[in-house]
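Step one of this worksheet: look at the structure below.
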Amino acid sequence: MSAVISARGLTYAYSPATTGTVLSALDLELAPGEIVVVTGASGAGKTTLLTLCGALRSVQQGDLRVLGRDLRQLGGDAQRELRSSIGFVFQSHHLIDALSAGQNVVMSLMDRVSVAEAMARAETALTALGLAARIDALPSALSGGEKQRVAVARALVREPHLLLADEPTASLDDDSADIVKDAISLAAKRRSCAALVVTHDARLLDIADRVLRLVNGGLVDLRPRSGRSNLKWMSSIAGVEAP
Ligand SMILES: Nc1ncnc2c1ncn2[C@@H]1O[C@H](COP(=O)(O)OP(=O)(O)OP(=O)(O)O)[C@@H](O)[C@H]1O
Ligand SMILES: [Mg+2]
């Protein structure tokens, strides 16, 4: 099967005069079922890359194909259709405040299945993320980590072929981070869901097939060379020198 994401020479600037070029001739290939972690300094352009791949932002320069579609050629309807086949976990959750955790997940299935089926699947997804007891809670009554897990359940319940996740474990304790890791890893193994995961969280390295660092607008491979200690590898991901 062809690449889930194929970016060639992707270049993006919000406002060239003030903030300069954020992405500069960036190349990226993501295969089905592959989990790729992207790290990088704050402001490096990680979220910008995710929003471009998710058709939430228009391509300015370069080639970008996602799930077989050329993003430069897509009209509004085709963009919406593509977005609906991608699972998104945003940095700020984006849950609907007036709806319970369960209803937030159900909502993401309403265009696909019956209400009864959506409720059953939502319950299964939330239970898998350790939230069985919080299904009826409103987002205002959920902790940051719980909201994060609802966002992951909402993204994965649609069984996407591509997951775009922005810091999905940022506010999670180790147990909850493990639950999210397992959910992403299971989706990759069982359904060949490819995942592009932006994170500074070294705990996610366990499930990464590749680790890339976004620097100067491009991606650098941080795969450990043989003989290199884990400590040095982890340090390079965090952007600091190993002792
Ligand atoms: N809507 C916008 N308009 C103008 N500039 C923006 C916009 N969004 C982001 N930027 C700028 O583009 C650059 C990249 O931002 P981006 O959000 O992609 O970084 P990031 O790597 O995700 O950072 P962080 O780790 O802090 O989330 C930053 O300099 C940011 O200030
Ligand atoms: Mg960001």
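Both counts, for ligands and for their atoms, begin at 1 and track the order of listing.
Of all the heavy atoms in Thr11 and Ala25, the pair that sits closest is OG1-N, 2.9 Å.
If you number the atoms of ligand 1 from 1 as listed, the ones under 4.0 Å from a heavy atom of Thr48 come out as 14 (C), 15 (O), 16 (P), 18 (O). Annotation for ligand 1: atoms under 4.0 Å from non-hydrogen atoms of Ala44 are 19 (O), 21 (O). Those atoms of ligand 1 that come under 4.0 Å of a heavy atom in Ala41, given as number and element, are 21 (O). For ligand 1, the atoms closer than 4.0 angstrom to any heavy atom of Val22 are 12 (O), 13 (C), 14 (C). Counting atoms of ligand 1 from 1 in the listed order, those under 4.0 Å from a heavy atom of Gln91 are 27 (O).
There is no protein heavy atom less than 4.0 angstrom from atom 30 (C) of ligand 1. The protein reaches atom 20 (P) of ligand 1 closely, with a heavy atom under 4.0 angstrom from it.
Not a single heavy atom of Ser15 sits less than 4.0 Å from an atom of ligand 1.
Using a cutoff of 4.0 Å between basic side-chain nitrogens and carboxylate oxygens, Lys147 and Asp97 are not scored as salt-bridged. Salt-bridge annotation for Arg210 and Asp221: absent, with no side-chain N of the basic residue lying under 4.0 Å from a carboxylate O of the acidic one. Note on Glu167 versus Lys46: no salt bridge recorded, every NZ/NE/NH1/NH2 to OD/OE distance being 4.0 Å or above. One finds no salt bridge joining Arg190 and Glu159 here, because no Lys/Arg side-chain nitrogen approaches an Asp/Glu carboxylate oxygen to under 4.0 Å.
Closest to atom 26 (O) of ligand 1 among all protein heavy atoms lies Ser42 OG, 2.6 Å. At the shortest separation from atom 25 (O) of ligand 1 among protein heavy atoms lies Lys46 NZ, 2.7 Å. At the top of the distance list for atom 10 (N) of ligand 1, counting protein heavy atoms only, stands Tyr14 CE1, 3.4 Å.
Residue Thr47: an N/O/S atom is found under 2.8 Å from the Mg ion (ligand 2).
If you check the side chains of Thr47 and Asp166, you find a donor sitting under 3.5 Å from an acceptor. Between the side chains of Ser24 and Tyr12, not a single donor N or O lies within less than 3.5 Å of an accepting N or O.
Remark: ligand 1 and Gly43 share an N or O pair separated by less than 3.5 Å (distance only, no angle test). Looking at ligand 1, you'll find an N or O of Thr47 within less than 3.5 Å of one of its N or O atoms. Polar contact with ligand 1: absent for Arg57 (N/O pair, distance under 3.5 Å).
Side-chain atoms of Ser143 come within 3.5 Å of backbone atoms of Glu146 as a donor-acceptor pair (strictly under, hydrogens ignored). One N or O on the side chain of Arg112 and one on the backbone of Arg158 form a donor-acceptor pair closer than 3.5 Å. A donor-acceptor contact shorter than 3.5 Å links the side chain of Ser108 to the backbone of Val105.
Residue contacts with ligand 1 for Glu167 are absent, since no atom lies close enough (heavy atoms, distance under 4.0 Å).
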